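As the structure is a computational prediction, the values presented were derived from the model and not from experiment. In what follows, chains are A, B, ... by sequence order, proteins preceding strands, each numbered from 1. The figures that follow rest on heavy atoms only: side chains count, while hydrogens, waters and symmetry mates do not.
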Number of protein chains: 2
Amino acid sequence: MTAVGGDRLTPRAGEIVAAARRILEREGESALTMRRLAAHLGMKAPSLYKHFSDKEAVEVELIAIAFEETAEAFEAAVAGGAQRPITALAGAYRAYARAHPHLYRLMTDRPLPRERLPEGLEARAAGPILQAMGAVASARAAWGMAHGLVMLELNDRFPPDADVDAAWEAGVAALESAKTTEHA
Amino acid sequence: MTAVGGDRLTPRAGEIVAAARRILEREGESALTMRRLAAHLGMKAPSLYKHFSDKEAVEVELIAIAFEETAEAFEAAVAGGAQRPITALAGAYRAYARAHPHLYRLMTDRPLPRERLPEGLEARAAGPILQAMGAVASARAAWGMAHGLVMLELNDRFPPDADVDAAWEAGVAALESAKTTEHA
DNA sequence: GTCTATAGTGGGATAGAC
DNA sequence: GTCTATCCCACTATAGAC
């Protein structure tokens, strides 16, 4: 098991987080139990509590990983100066959420454990959206739309015949026009 | 305990749903267990299975109630022809979600159990949004934005100092301009 | 000191017999 | 309606092996 966490975690803790990620991504949140996590590592559940104070501490590490990867995806989307940064960021946002649905849910389902997360990580991930939208309020509206469309898609809430691509296109168009008319 | 459910449910089943709603709204989803629900009604958990096949059947009734109430709120918001129907609907959407956060979550957290819900209920709730936005794709983008902003607010995901009102205003402005430029 | 295990608490959904 | 029972969960107390 490859470890993760850099100098945030001990090597053994990094291995546990890596195993937790595999379980979460493959089998979903309900499968991520301390018992099963321990079993994947050849140990018993109580032993995990020597490495993490509680289950939430494991989840916090997964959230940190998801934030790092999201920030990287955003930075790649606008690298070199995209002509349509909003479109590029929307595409990157949706693509990451669809590629890692359970990780994405974990990242957005609950209040952010800001005090347990590396400093500046949240701001780094938000930066490209803020830059593309030009104002904090518009950036939050854009985030809201992206998050809502992603969750409705992940939760299978659209009617079976719905054209989700078209909804994203209409949403991105609205955000683009909001940006240009902002100072009118 | 006042019963609900009309002719969808037996009187006793209606009482159970009404109790379930009270528990859910007051104490949240994790408090809505079959044991506690039974205790509130002076019975034991296994007895509930005489009235509902499983816990999900109880939840479906709560979802149906939330849909009815949402549809009514939308209809009231645009009754008599609001000058700014998008603004009015956004306000009604956010207000309902904030007034009934646990019910709202239940309604959107999972795939819609369409086959177990009264026919036409989903379309009735969606109607005012579709009408206000003028096109299905735009209506879904608007729904996405409203849902995303609501969930981020309910999940306490915005930074503590964030101006959520301003984000809604920026979002509604974007949707308004999307509507007017739609046929350009 | 660091890793592990066993055993137990208290909660949950649910099935079956009465 | 009841009861008992099965199987899941997070988590804790305790203690033994290295």
Side-chain angles (χ1 to χ4, degrees), chain A residues 1-63 102-103 105-106 109-111 113 116, chain B residues 1-3 5 9-63 102-103 105-106 109-111 113 116:
Chain A
M1 185 69 61
T2 308
V4 298
D7 48 3
R8 248 176 94 69
L9 302 175
T10 65
R12 189 60 168 148
E15 288 171 15
I16 292 170
V17 171
R21 177 178 190 166
R22 286 179 45 174
I23 295 170
L24 176 67
E25 297 228 45
R26 293 181 185 185
E27 303 168 62
E29 178 159 27
S30 67
L32 183 54
T33 70
M34 295 302 260
R35 287 189 187 189
R36 293 197 212 180
L37 175 54
H40 273 250
L41 291 155
M43 56 170 103
K44 303 293 179 183
S47 302
L48 293 170
Y49 291 86
K50 298 296 180 182
H51 302 278
F52 292 93
S53 61
D54 53 19
K55 190 187 180 189
E56 193 191 335
V58 178
E59 292 170 344
V60 166
E61 296 306 321
L62 295 174
I63 291 168
H102 300 295
L103 214 44
R105 267 183 225 278
L106 193 67
D109 250 11
R110 61 206 70 193
R116 302 171 84 168
Chain B
M1 187 65 61
T2 309
L9 302 175
T10 65
R12 189 58 170 150
E15 288 171 16
I16 293 170
V17 171
R21 177 177 189 168
R22 285 180 46 174
I23 295 170
L24 176 67
E25 297 228 45
R26 292 181 186 186
E27 304 168 61
E29 176 159 29
S30 68
L32 183 55
T33 68
M34 295 301 260
R35 287 190 187 189
R36 293 198 212 181
L37 176 54
H40 274 249
L41 291 155
M43 56 169 103
K44 305 292 178 184
S47 304
L48 293 170
Y49 291 85
K50 301 294 181 184
H51 302 278
F52 291 94
S53 61
D54 53 20
K55 191 186 178 188
E56 194 192 334
V58 178
E59 293 169 345
V60 165
E61 295 307 320
L62 295 174
I63 292 169
H102 301 296
L103 214 43
R105 266 183 227 278
L106 193 67
D109 251 10
R110 61 205 71 193
R116 302 172 84 167

State, to 0.1 Å, how close [X] and [Y] come at their nearest heavy-atom pair, and which atoms those are.
{"X": "S47(A)", "Y": "M43(A)", "answer": "CB-SD, 3.8 Å"}
{"X": "V17(A)", "Y": "L62(A)", "answer": "O-CD2, 3.7 Å"}
{"X": "L9(A)", "Y": "F52(A)", "answer": "CD2-CE2, 4.4 Å"}
{"X": "M34(B)", "Y": "L48(B)", "answer": "O-CD1, 3.2 Å"}
{"X": "K44(B)", "Y": "A38(B)", "answer": "C-CB, 3.3 Å"}

Within less than 4.0 Å of OP1 or OP2 of dT4(C), is there a side-chain N or O belonging to H51(A)?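 True: H51(A) side-chain N/O within range (under 4.0 Å) of dT4(C) OP1/OP2.
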Would you indicate which nucleotide in dT4(C), dC9(D), dA13(C) comes nearest to any side-chain atom of T33(B)?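 Selected nucleotide: dA13(C).
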Nearest to the side chain of K50(B), which nucleotide is it out of dC11(D), dT14(C), dG1(D)?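 Looking only at side-chain atoms, K50(B) lies closest to dG1(D).
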Mapping P46(A) and K55(B) onto DNA chain C by nearest heavy atom, which one lands closer to the 5' end?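 By nearest-heavy-atom nucleotide position, the 5'-most residue is P46(A).
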Nearest-nucleotide wise, let me know which of R35(B) and M43(A) is further upstream toward the 5' end of DNA chain C.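 Counting from the 5' end, the first nearest nucleotide belongs to M43(A).
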How close or far is atom [atom2] of [N] from atom [atom1] of [X], stated in whole angstroms?
{"X": "R36(A)", "N": "dC8(D)", "atom1": "CZ", "atom2": "P", "result": "9 Å"}
{"X": "E29(A)", "N": "dC9(D)", "atom1": "CD", "atom2": "P", "result": "14 Å"}
{"X": "D54(B)", "N": "dA15(C)", "atom1": "CG", "atom2": "P", "result": "8 Å"}
{"X": "K44(B)", "N": "dT14(C)", "atom1": "NZ", "atom2": "C1'", "result": "16 Å"}
{"X": "R12(A)", "N": "dC3(C)", "atom1": "CZ", "atom2": "P", "result": "8 Å"}
{"X": "E59(B)", "N": "dA13(C)", "atom1": "CD", "atom2": "P", "result": "10 Å"}
{"X": "I16(A)", "N": "dT2(C)", "atom1": "CD1", "atom2": "C1'", "result": "13 Å"}
{"X": "M34(B)", "N": "dT6(D)", "atom1": "CE", "atom2": "P", "result": "21 Å"}

Any base atoms under 4.0 Å from S47(B), or only sugar-phosphate, or nothing? Heavy atoms, all strands.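 The residue S47(B) makes base contact.
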